[in-house]
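Accompanying notes for the structure given below.
Numbering starts at 1 and runs along the sequence shown.
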Amino acid sequence: MTDKLNGHRALAVALLATFSAACAGGEGRWAGTITDSAGITIVSNTTDAIWSPSEAWTVDEELRIGTLEGDPDYQFGRIGWIAVDSKNQIYALDFQTQQVQVYSADGEYVRTIGGRGAGPGEMQGAMFMFMGPADTLLVPDLPNQRVNRYAPDGSALESFRVSLEQGLPMLFKATASGVIAEQVRPFAVPGQPEIENPEDAIVLLASDGTVTDTVMKFPSGETISLGGDAPEIKFYSTEPIWEITDDLHLLYGVNEEYRIGFYSRSGDLERVLTMPYERKPVTDTDREVTTQFMERLWKDQGVPAQMIPQLRNMIKFGETFPAFSFIMSGPANTIWVQHVQPASELSAEELETFDLLQDTGAPDWDVFDAQGRFLGIVSMPPRFAPRLIRDDDIYGVWRDDLDVQYVVRLRIVGDLTAGST
């Protein structure tokens, strides 16, 4: 009976692989394999793309918001995150001014929300934001230990507390329908023993901050270590990377290897995609450029000069670069995976405006279809850092030769049904 069951399973997998290759956009050009491992589908890609040159998706700039001089309503200091509401209005969080500037879908200034401070609706160190249900804007602000909430008209609503005792919020994401996901990392306060085998959790939140579900737990990454008396920042080290899709699936992988899992809302692993990649060493140039950037950032933030050597001692480095930098969910259920960009591979001119927060990820993104098969590479413009994808639009931050920042919307050009096969 077992042999017969295994035989049927092997036949089903073989038929699935044959069907997948036949229905691919490139009519059988996909060179990977699909196998079954204990009921989990393993999609093993090669570097051969399904797209032909004529089928490959590209991006065109559709909108640019910002100016070097002139109207201050169109000027930015350092753009943190970007959000988009149901009317396609664009929200840009300026980390430098601690304000959110709102623009119409056509790029016309609408209003400014927030401002630096500790009062109702004000912010001290906000960098992320996301759109919750009914176009409610939520802005986490760790220095004030709260998440600010704003109505669609920009007025401040009641905030909710960020409970650091429950862990440090590492990342927030939200679906187009307003489902909120948060990654939380446990940490020990100074003077307390280091937590053994710490685990991060991805939880779903209601708009008042209540945890409604825990989707997944996994070993904490190595970039930020807050345990014990000697905190560390370890650049280019292993880190869990994840994305929540609009249908509430979770894309998750530890970027030590190019392996990304598809998980159901209940946390069950359903499918895994793999991709070959070249492991690149972290060089002395990479370490020097990264350290110099952090020192400039600390000075810009007003850190006293006598504290900078102490902070510099916190910086550590991995031996090799991660397999990938970021994951995003794209149109037609595609999966977008960003290449890593070592500073040592940049030109002298590019290094003059190097920004670690913007330039660690490369312009090239691997794009996979809904089954996890490699479609091809989409290249973003140089000095453009994507923030989110909504339908066939990519919203992000672009910097010019003078390092002035702009909000830019790119349109994805191509047959956008190709990824849904």
message: I need the Thr360 OG1 to His339 NE2 distance, nearest 0.5 Å.
response: 15.5 Å
field: Close side-chain approach of Ile50 and Phe374, heavy atoms under 4.5 Å
entry: no
Closest contact, heavy atoms only, Gly125 versus Gln98: N-OE1, 3.1 Å
- prompt: Under 3.5 Å, is there a donor-acceptor pair between the Ser86 and Asp135 side chains?
  reply: yes
message: So Asp415 and Glu55, do their side chains get closer than 4.5 Å, heavy atoms only?
response: no
message: Hydrogens and angles aside, do Tyr109 and Asp71 bring a side-chain donor and acceptor to less than 3.5 Å of each other?
response: no
message: Tell me if a side-chain donor or acceptor on Asp36 pairs with a main-chain N or O of Thr41 at a distance below 3.5 Å.
response: no
- request: Please say which of Val367, Ile327, Asp366 ends up in a side chain to side chain contact (heavy atoms under 4.5 Å, CB included) with Trp336.
  value: Val367
- prompt: Going by atom types only, do Ser104 and Asp106 share a side-chain donor-acceptor pair under 3.5 Å?
  reply: no
query: Would Phe172 and Phe128 satisfy ring pair (Phe, Tyr, Trp, His ring centres under 6.0 Å), going step by step from the backbone distance to the final call?
result: CA-CA 7 Å; Phe172 291 88; Phe128 293 102; 7.4 Å; no
- prompt: Under 3.5 Å, is there a donor-acceptor pair linking the side chains of Ser54 and Ser52?
  reply: yes
- prompt: Would the number of heavy atoms belonging to other residues, nucleotides or ligands and lying under 6.0 Å from CD of Glu256 be above 12?
  reply: no
- request: Report yes or no: do Ser159 and Asn148 form a side-chain donor-acceptor pair below 3.5 Å?
  value: no
query: Under 4.5 Å between any side-chain heavy atoms of Met328 and Gln338, yes or no?
result: no
message: Counting C-beta onward and ignoring hydrogens, is there a side-chain heavy-atom pair between Val215 and Tyr263 closer than 4.5 Å?
response: no
- prompt: Would you call Glu288 and Thr291 a side-chain contact if the rule is heavy atoms closer than 4.5 Å?
  reply: no
